[in-house]
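Quick note: numbers below take in every heavy atom, side chains included, and nothing from hydrogens, waters or symmetry partners. Both counts, for ligands and for their atoms, begin at 1 and track the order of listing.
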Amino acid sequence: MLLWLLFVLLVASGSSIEATTTEETETAQFFTQLYKSNLQQMVAIRNESIEPCVDFYAHACGQFEQQQSEDAVPPYLYNLQDRMEFFEAQHGSFQTLPGKLLGQLYSECKQRNVQHVLSVQPVLTHWQQLLLQLPMLQPHQEQLQAWPYLRHQWRRRHLDEQLNWIELSAQLAAHGLPTLLHIYFAAGTIYVAPMAELPCPTLQGFRDSMATLLKDRNEQVSHVLAHELRMLCRGMRGELPLGQSLGNDASSSSDALKLDDNTLDYFQRFFAQLNFTPEQLTAARKLSLDVAAITQAWLVLRQTEPRIITNYVLWQLQQKLAYHDCFQLSKEFERLLHLEYWQWHVFAPKLQRNVALAMYQLHTTRFQTRRRSQLSRRDWYGYLLPKQLEQQELQIARLLQAHAQHYLNLTELTLHYSQVQFTAGSFYSNLLRLRRAQLRHSFESPFVDEEDVQQPAYFLRHFLHFALLTLHRPIYHYYATQGLELWQLSRLLLDTDGYYTALDCLQQQSQQLYDPSSAALYRQLSSHEVSAFYGFQRAFLAALRDYHFWLAGERFLFAEQFVLQYFGLDEQRVLFYAAAQQLCNRQDEILAPRLNRAFMNTLEFQEAFKCDAQAPMNPPAKCLVNC
Ligand SMILES: *[C@@H]1O[C@H](CO)[C@@H](O)[C@H](O)[C@H]1NC(C)=O
Ligand SMILES: *[C@@H]1O[C@H](CO)[C@@H](O)[C@H](O)[C@H]1NC(C)=O
């Protein structure tokens with residue numbers, strides 16, 4: 001009971017929630033369970049007969065294998081797994097309209113291959129399902145059964161008159177599935193670009209991908225088809241001599257995209273699918289990117305048999321809609337998911353949004369301060385700070401709220417997506433409907449780069465991941481994974497002097513202490529390894545300090561200490577274990593020296609584990625980094 005109450009403090013501090021006692025107790029119980037199971041696992045993975053001061057990595061990971069059950073997730077995937085489990089458990093309870101659409105789509109994706117117990121019908125193949133469901137294929141269902149086509153089949157069936165690759169490809173593109181040309185939008189602008197990653201596997205890759213479709217046909221058929229497809233995609237990418245000469249020809253012309261009758265036809269059919277008003281189209285800015293590449297690809301198309309292009313478009317269609325992993329939908333429609341999450345319906349029973357925001361703010365404070373000072377030093381380079389970041393007090397919570405108000409505007413998104421009509425049980429057609437709605441919506445929406453660390457969108461995603469993580473793992477886990485990664489990926493802590501100092505110092509350490517009879521603790525590190533060591537050590541120290549900052553900041557320390565003690569751990573040691581155990585059993589020969597060398601060379605490790613002066617993990621002269 002006492003433990004529960006402590007966790008109420010932990011969870012509710014800084015917030016204004018007025019939960020009833022039962023709710024508090026439930027929440028507390030939930031978080032207590034979380035700590036308990038995680039700490040139990042942490043303790044179980046260790047091998048106590050190996051001293052931490054002899055070989056920390058071996059100690060921390062010693063019983064890892066014995067602890068793994070059949071379907072265990074590799075520890076470094078925990079966070080992704082947590083997100084997936086949460087999504088899986090909650091998608092049926094989504095409450096916003098866009099969230100519900102995504103939830104339904106996910107269920108339908110999962111149910112695609114479930115055979116009903118009483119059904120006598122055989123499970124349809126992927127291709128048959130596509131034919132049955134996709135509106136643009138339905139008129140040609142009969143002919144498409146025989147796809148992919150050799151020349152004689154195409155002729156015999158008079159397919160030239162029936163299948164129009166321009167129409168097909170334009171329709172698919174308008175449904176968010178570009179195959180020959182990439183047209184996309186942002187805030188009143190139309191971009192036309194070549195296909196950035198035009199799929200082009202090897203001959204064997206093509207053959208493998210068509211193996212099920214062609215299993216009853218002569219082996220030569222798949223050779224011929226694969227060869228044709230590969231010639232086409234290589235030509236479009238400009239990898240073939242023919243293509244290159246055409247390309248040079250094209251690039252000598254001009255920057256503006258010259259529309260031939262094919263592209264013109266394509267554009268017309270494409271825009272016809274998207275309900276633009278003529279005014280919108282006229283007023284829109286139009287930008288062509290890499291005109292030479294587009295022109296050259298379309299010259300190749302012009303010189304290719306329509307049959308082969310049709311084969312290629314349909315091949316891409318069935319490849320791109322394979323959805324072996326339905327969870328990819330959550331990435332593809334992340335904005336809808338984040339809208340749902342931001343409304344907080346599915347989090348509310350466990351964690352209040354303002355509490356989560358307050359916790360997240362605390363976590364990122366040191367990171368933000370560092371980033372801002374680094375960025376302002378670069379000002380003269382022209383890296384000007386976005387306005388919000390210039391504020392003296394960086395209010396990440398306010399920043400996120402402001403961003404979410406616009407980007408995840410419930411009214412606007414609900415209005416837009418209410419036009420999407422789903423057909424029950426028809427995953428592929430629903431998927432394309434949602435993709436089309438998303439594409440269309442991007443025309444009304446400013447471009448947001450979620451990978452850009454200067455944009456609030458980046459932090460919005462991290463914040464939501466953080467909130468999800470806190471529902472699955474104790475707080476220290478956050479610092480050992482996402483917190484650590486935040487520092488490591490930002491590269492804010494790296495500098496050349498520090499790297500050379502580390503290189504020098506580690507070399508000396510290896511020369512003085514390497515002993516072939518003992519473990520490889522002090523082996524020479526390559527320059528590449530030193531750089532990895534250096535990045536890891538600095539990021540780990542920063543994350544460790546963040547963690548202690550967090551502990552000191554609120555009333556957390558007492559609670560955390562209390563729980564950790566129960567498991568024979570303490571807040572000084574726990575992060576070393578948590579960070580090490582992410583890496584167990586991955587590439588031990590690479591990661592063990594990196595981790596051990598990094599830890600033994602920090603004072604925090606020595607303080608936490610109190611290693612003897614002679615202990616292997618306690619070199620007399622340490623290679624310390626300052627940060
Ligand atoms: C723990 O480490 C010791 C010493 O290396 C080893 O002999 C023992 O087998 C390990 N225990 C387990 C369960 O792996
Ligand atoms: C949200 O969208 C609605 C409808 O488009 C609009 O009226 C409102 O101003 C928007 N709110 C914000 C904060 O952008």
Side-chain angles (χ1 to χ4, degrees), residues 40-70 72 74-75 95-99 101 185-188 275-277 279-280 335-344 353-354 357 386-388 395 397-420 437-448 450 455-457 459-460 463 515-521 568 576-577 580-581 583-586 588-589 591-593 595-596 599-600 609 611-612 615-617:
Q40 269 165 349
Q41 197 185 11
M42 178 181 279
V43 169
I45 291 176
R46 300 188 306 188
N47 181 343
E48 304 266 20
S49 36
I50 304 171
E51 284 292 317
C53 287
V54 171
D55 182 341
F56 184 76
Y57 188 83
H59 161 72
C61 293
Q63 311 227 48
F64 180 78
E65 269 183 282
Q66 287 86 342
Q67 293 302 318
Q68 294 307 294
S69 53
E70 282 289 296
Q95 288 184 31
T96 65
L97 181 132
L101 289 175
F185 314 119
N275 303 333
F276 282 100
T277 63
E279 296 78 40
Q280 278 176 321
R335 188 168 175 186
L336 306 190
L337 180 64
H338 285 180
L339 170 76
E340 173 67 43
Y341 282 174
W342 180 257
Q343 293 301 316
W344 223 255
R353 187 165 78 190
N354 50 1
L357 276 168
K387 270 258 172 313
Q388 296 102 318
Q395 274 287 359
R398 213 182 303 146
L399 202 76
L400 286 179
Q401 252 150 351
H403 169 67
Q405 247 177 30
H406 294 281
Y407 188 58
L408 304 179
N409 183 333
L410 181 63
T411 323
E412 186 206 325
L413 285 162
T414 304
L415 196 67
H416 181 81
Y417 282 94
S418 62
Q419 295 158 17
V420 179
Q438 176 163 271
L439 178 68
R440 186 62 183 81
H441 187 240
S442 62
F443 187 74
E444 267 110 54
S445 202
F447 175 70
V448 170
E450 284 167 348
Q455 299 291 328
F459 288 103
L460 183 72
F463 163 66
D515 170 5
S517 66
S518 71
L521 214 50
F576 289 99
Y577 284 110
Q581 290 184 348
L583 309 176
C584 294
N585 230 21
R586 269 165 82 187
D588 289 350
E589 66 290 354
L591 295 171
L595 195 104
N596 279 335
F599 285 177
M600 70 167 76
F609 290 92
C611 296
D612 283 352
M617 287 289 290

I need the atoms of ligand 1 closer than 4.0 Å to a non-hydrogen atom of [X], numbered in the order shown.
X: Asn47; value: 1 (C), 2 (O), 3 (C), 8 (C), 10 (C), 11 (N), 12 (C), 14 (O)
X: Gly62; value: 14 (O)
X: Ser49; value: 1 (C), 2 (O), 3 (C)
X: Ile50; value: 2 (O), 4 (C), 5 (O)
X: Gln63; value: 12 (C), 13 (C)

Revision key, fill the gap. Per side-chain contact (heavy atoms from CB on, under 4.5 Å), Tyr417 is matched among Thr414, Val420, Leu415 by Val420
Point to revise | CZ-CG distance between Phe463 and Leu357, expressed to the nearest 0.5 angstrom | key: 4.0 Å
Review point. When you look at Leu410 and Trp342, which way does the side-chain contact (heavy atoms from CB on, under 4.5 Å) test go after all the steps?
Key: CA-CA 10 Å; Leu410 181 63; Trp342 180 257; over 6 Å; no
Check your understanding: Which of these, Tyr577, Phe56, Tyr57, sits in a ring-ring contact (aromatic ring centres under 6.0 Å, His included) with Phe599?
Key -> Phe56
For each nitrogen or oxygen atom of ligand 2, which protein N/O atoms lie closer than 3.5 Å, and how far apart are they, rounded to 0.1 Å?
| residue | atom | partner | partner atom | Å |
| --- | --- | --- | --- | --- |
| ligand 2 | 2 (O) | Asn409 | OD1 | 3.2 |
| ligand 2 | 2 (O) | Asn409 | ND2 | 2.3 |
| ligand 2 | 11 (N) | Asn409 | ND2 | 2.8 |
| ligand 2 | 14 (O) | His406 | ND1 | 3.1 |
| ligand 2 | 14 (O) | Asn409 | ND2 | 3.4 |

Practice item. Apply side-chain hydrogen bond (donor to acceptor under 3.5 Å, both in side chains) to Glu444 and list each qualifying residue two or more places apart in sequence or on a separate chain. Key: Arg440
Exercise for review: I would like to know whether Gln343 and Leu408 meet side-chain contact (heavy atoms from CB on, under 4.5 Å); could you show each step before the answer?
Suggested key: CA-CA 9 Å; Gln343 293 301 316; Leu408 304 179; 6.0 Å; no
Review point. Would Glu412 and His406 count as having a side-chain donor-acceptor pair, cut-off 3.5 Å?
Key: no
